[in-house]
Amino acid sequence: MQLLNEQEIERRKDREALLNLGIDPYPALSFPINATAADIHQNYNNRKNDYKGITIAGRLMTRRIMGSASFAEIQDSTGRLQIYVRRDDLCPDEDKTLYNKVFKKLLGIGDFIGLKGFIFTTQTGEISLHVQEFTLLSKSVKPLPVVKRDDEGNVFDGFTDPELRYRQRYVDLIVNPEVKETFVTRSKIISTMRNYFDDHGWMEVETPILQQVHGGAAAKPFETHHNALDTPLFLRIANELYLKRLIVGGFEGVYEIGKMFRNEGMDRTHNPEFTSMEIYVAYKDYIWMMEMVEDLIAKIANRVLGTTKAKVGDNVIEFEGPYKRLSMFESIQEYTGIDVSQMNEKELRALCSEMGIEVDDSMGKGKLIDEIFGEKVEEHLIQPTYITDYPIEMTPLAKKHRSKPGLVERFELFVNGKEIANAYTELNDPIDQRERFEDQLKLAQRGDDEAMAMDEDFLRALEYGMPPTSGLGIGIDRLCMMLTDQSTIQEVLFFPQMKPEKKVKIASDEDFIELGINPGLIPAIRELNIHTIEQLKGLNPNKLFNDVCGKKKKLKLDVPNPSKEEVSNWINA
RNA sequence: GAUUCUGUAGCUCAGCUGGUAGAGCAUAACACUUUUAAUGUUAGGGUCCUGGGUUCGAACCCCAGCGGGAUCACCA
């Protein structure tokens with residue numbers, strides 16, 4: 001049972017009226033088209049003769065009816081096209097129903113129609129379709145928000161409420177073309193990346209999303225349960241350890257683009273499920289990876305923006321490499337003037353409190369350095385910058401630095417103050433790896449809930465031998481935000497996670513009848529805005545009795561008044 | 001999780017000091033055969049998020065809850 005507003009009732013009536021005229025509002029048919037809105041706008045002026053006998057389909061978005069002629073706009077996946085409809089073209093004979101009734105009255109904004117006609121240019125210079133035939137393809141029975149734009153692109157009645165836009169993304173996509181554009185760009189970013197990898201001979205793979213050990217990163221997982229195996233399973237927080245197993249298995253380049261799941265907070269840069277790309281290439285190191293990433297990102301920017309310069313917020317970012325490289329210690333030195341490279345844990349802790357950075361006892365040396373970096377450096381890294389050579393404590397899966405003791409071969413790429421990529425020369429010494437996991441265990445015992453879990457099977461794989469390998473992870477959503485100049489992750493996810501909508505179960509007539517209510521009284525009950533059984537149950541019987549009798553009289557319902565006792569019985573039933 | 005702002009017609013929003021709920025678009029009716037934010041005339045449309053409280057009287061003030069946004073904290 002659904003409560004309908006005036007416009008929804010009106011549209012349902014139109015649907016009935018169409019059926020009565022013998023027009024199926026939802027015909028089962030295919031409607032072949034030979035043109036799109038974008039094609040017509042681009043090419044009509046140069047190839048005018050080719051644009052006769054056009055068939056095109058789309059959603060009716062605006063109408064300007066002027067008596068026996070009308071202008072309207074349809075929208076297909078490529079954009080909008082104005083159509084020109086004349087009564088005497090559609091209805092050459094006496095019977096003008098098709099235009100006067102069907103087109104003008106029974107169609108509405110949001111309906112899908114198929115059209116046949118020829119393209120022409122109006123007096124005001126707008127390329128338009130002169131309609132010779134139209135077919136209703138699908139009737140819309142819910143009113144669409146109508147967004148108006150003038151010639152300068154000013155928006156007049158925007159559909160802007162973020163809650164509605166995210167919950168009803170389909171509506172957002174229909175009425176806000178720039179939203180659709182963002183997602184087209186997102187798709188291009190991913191396909192460009194995929195093509196780049198494939199062209200290099202690296203193979204796309206799929207690894208388990210349901211994992212028994214949630215390794216490869218430090219985060220709280222979503223937990224579920226497999227009934228047949230009677231075992232707990234986790235939605236993956238990372239896929240790194242599986243991809244490395246494939247390198248052990250003999251593939252020399254593997255990548256995966258897919259969803260990760262983390263049971264943590266949500267904000268404008270975090271969604272519980274997000275898309276990451278991870279790639280592992282054998283016989284490479286992180287120096288090589290930096291060059292690859294520069295090349296990749298510049299190619300993506302070129303493909304989606306047509307340039308390597310991108311406007312991001314108030315900044316213009318140049319994505320053409322080579323990017324600046326700074327070691328983590330150098331970056332802290334550069335932005336604070338302090339050399340932390342020789343400090344021990346105690347000195348670092350003192351420095352943090354001096355800088356007003358909150359610390360707690362669970363934090364080891366690496367974590368403390370990371371805190372300083374996050375607080376003092378990150379925001380300054382606007383142009384693409386590689387931060388390299390991280391403290392070993394915070395990076396249990398990366399190989400020890402070839403020349404700098406206490407550090408690992410790792411870089412993160414920062415753009416506009418945000419991290420968008422993370423890469424290592426991968427740790428492939430199984431003995432070292434086991435020790436690192438054990439160190440993580442110790443951190444966990446100190447209370448660090450982000451410490452990584454031991455994965456015995458992964459260690460077994462490493463023991464068989466993994467070639468030197470470099471690995472990279474890119475946060476796809478963040479990259480998309482960057483390249484589409486969006487400041488919230490929700491704008492680059494079709495369906496961002498939201499709290500569930502409150503569902504109210506509207507009582508049907510049968511539900512009311514079941515309580516012993518005379519069907520003739522139901523209109524009075526609804527008129528009192530009583531729509532759910534719970535609502536009814538919560539009412540005072542005397543008040544309800546008075547209200548129902550009063551409404552019954554007002555609505556002139558031809559049924560007897562209920563007795564007070566009957567009304568009490570409804571409530572107590 | 002904390003702070004703060006916010007919830008009024010299908011959509012976007014007004015609503016004064018607490019005194020019968022308003023506009024534009026959309027919808028409906030009439031007019032109009034090259035309009036384009038079409039236009040003109042007219043009409044209908046409301047659980048003012050929910051529940052309590054204060055008051056003669058609450059969209060408005062107070063309390064609680066629910067949804068959403070922003071900022072902060074954690075994480076990518």
Side-chain angles (χ1 to χ4, degrees), chain A residues 3-11 13-14 61-73 80 82-89 99 104-105 108-110 120-126 128 130 141-168 171 175 217-220 237-238 260-276 358 371 374 412 418-422 449-450 473-479 481 487-490 496 498-502 504 526-532 535 538:
Chain A
L3 284 181
L4 299 178
N5 65 44
E6 183 192 26
Q7 295 188 40
E8 289 170 330
I9 292 164
E10 192 62 42
R11 280 166 176 261
K13 283 189 197 150
D14 291 345
M61 294 303 286
T62 70
R63 290 197 297 172
R64 295 180 281 276
I65 293 173
M66 300 166 304
S68 51
S70 300
F71 287 92
E73 280 173 46
R80 288 194 183 192
Q82 176 167 269
I83 65 172
Y84 177 55
V85 182
R86 270 198 325 205
R87 183 187 65 200
D88 297 339
D89 293 334
Y99 180 79
K104 276 169 69 172
K105 304 291 184 195
I109 288 173
F120 74 111
T121 307
T122 65
Q123 285 179 0
T124 48
E126 175 108 7
S128 306
H130 191 126
V141 295
K142 205 168 173 64
L144 221 43
V146 174
V147 179
K148 301 214 169 191
R149 289 179 166 75
D150 67 11
D151 289 342
E152 282 95 54
N154 298 312
V155 176
F156 289 89
D157 291 286
F159 178 65
T160 51
D161 182 341
E163 176 169 6
L164 290 178
R165 286 185 49 231
Y166 300 152
R167 286 197 197 278
Q168 303 183 36
V171 176
V175 304
K220 292 186 198 86
I237 57 173
M260 304 298 155
F261 306 86
R262 298 190 183 175
N263 205 342
E264 293 174 343
M266 294 163 57
D267 61 23
R268 68 182 200 288
T269 54
H270 297 86
N271 194 64
E273 57 182 288
F274 63 99
T275 303
S276 99
E358 260 184 62
E371 289 291 318
E412 289 189 315
K418 309 253 159 54
E419 182 215 322
I420 62 166
N422 182 18
D449 55 2
E450 291 171 16
I474 292 181
I476 296 293
D477 309 297
R478 302 272 174 91
L479 181 65
M481 285 167 65
S487 57
T488 75
I489 198 168
Q490 286 135 316
M498 304 282 278
K499 286 205 188 177
E501 266 183 282
K502 218 191 302 176
V504 180
R526 293 203 189 279
E527 193 66 20
L528 288 165
N529 279 321
I530 298 168
H531 296 299
T532 71
Q535 237 181 320

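Here is how names work: the chains are called A, B, and so on, in the same order as the sequence lines, proteins then strands, and each is numbered from 1. Computed from a prediction, not measured in an experiment: that's the story for all the values here.
- Nucleic acid contact class of A/K105 (heavy atoms, under 4.0 Å, all strands): sugar-phosphate only.
- The base-pairing partner of B/U20, taking Watson-Crick or G-U wobble contacts with both distances under 3.5 Å, does not exist among the strands shown.
- Separating the C1' atom of B/A64 from that of B/A43 is a span of 42 Å, rounded to the nearest Å.
- Listed by chain and number, the residues in a side chain to side chain donor-acceptor pair (under 3.5 Å) with A/T269 are A/D267 (sequence neighbours excluded).
- Separating the P atom of B/C16 from that of B/A26 is a span of 28 Å, rounded to the nearest Å.
- In terms of the side chain to side chain donor-acceptor pair (under 3.5 Å) criterion, A/K13 has no residue partners (sequence neighbours excluded).
- Remark: the separation of the P atoms in B/C61 and B/U6 is 9 Å, to the nearest Å.
- Using N1 to N3 plus N6-O4 or O6-N4 for Watson-Crick, or N1-O2 and O6-N3 for G-U wobble, each under 3.5 Å, B/G67 pairs with B/U6.
- B/U20 sits 11 Å from B/G57 when the C1' atoms are compared, rounded to a whole Å.
- Residues passing the salt bridge (Lys or Arg N to Asp or Glu O under 4.0 Å) test with A/E419: none are found, sequence neighbours excluded.
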* Structure fact -> A correct 5'-to-3' footprint of nucleotides 2-15 of chain B, with B, S and - meaning base, sugar-phosphate only and no protein heavy atom under 4.0 Å, is --------BSSS--
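- Between the P atoms of B/G18 and B/C56, the separation comes to 16 Å (whole Å).
- With sequence neighbours left out, A/R63 forms a salt bridge (Lys or Arg N to Asp or Glu O under 4.0 Å) with no residue at all.
- Taking only side-chain atoms of A/D267, from C-beta outward, the nucleotide of B/A73, B/U34, B/A38 with the closest atom is B/A73.
- Taking atom C1' in both B/G44 and B/C25, the straight-line distance is 16 Å, to the nearest Å.
- For A/E10, the salt bridge (Lys or Arg N to Asp or Glu O under 4.0 Å) criterion is met by no residue, not counting sequence neighbours.
- The side chain of A/R167 places an N or O atom within less than 4.0 Å of a non-bridging phosphate oxygen (OP1 or OP2) of B/G68.
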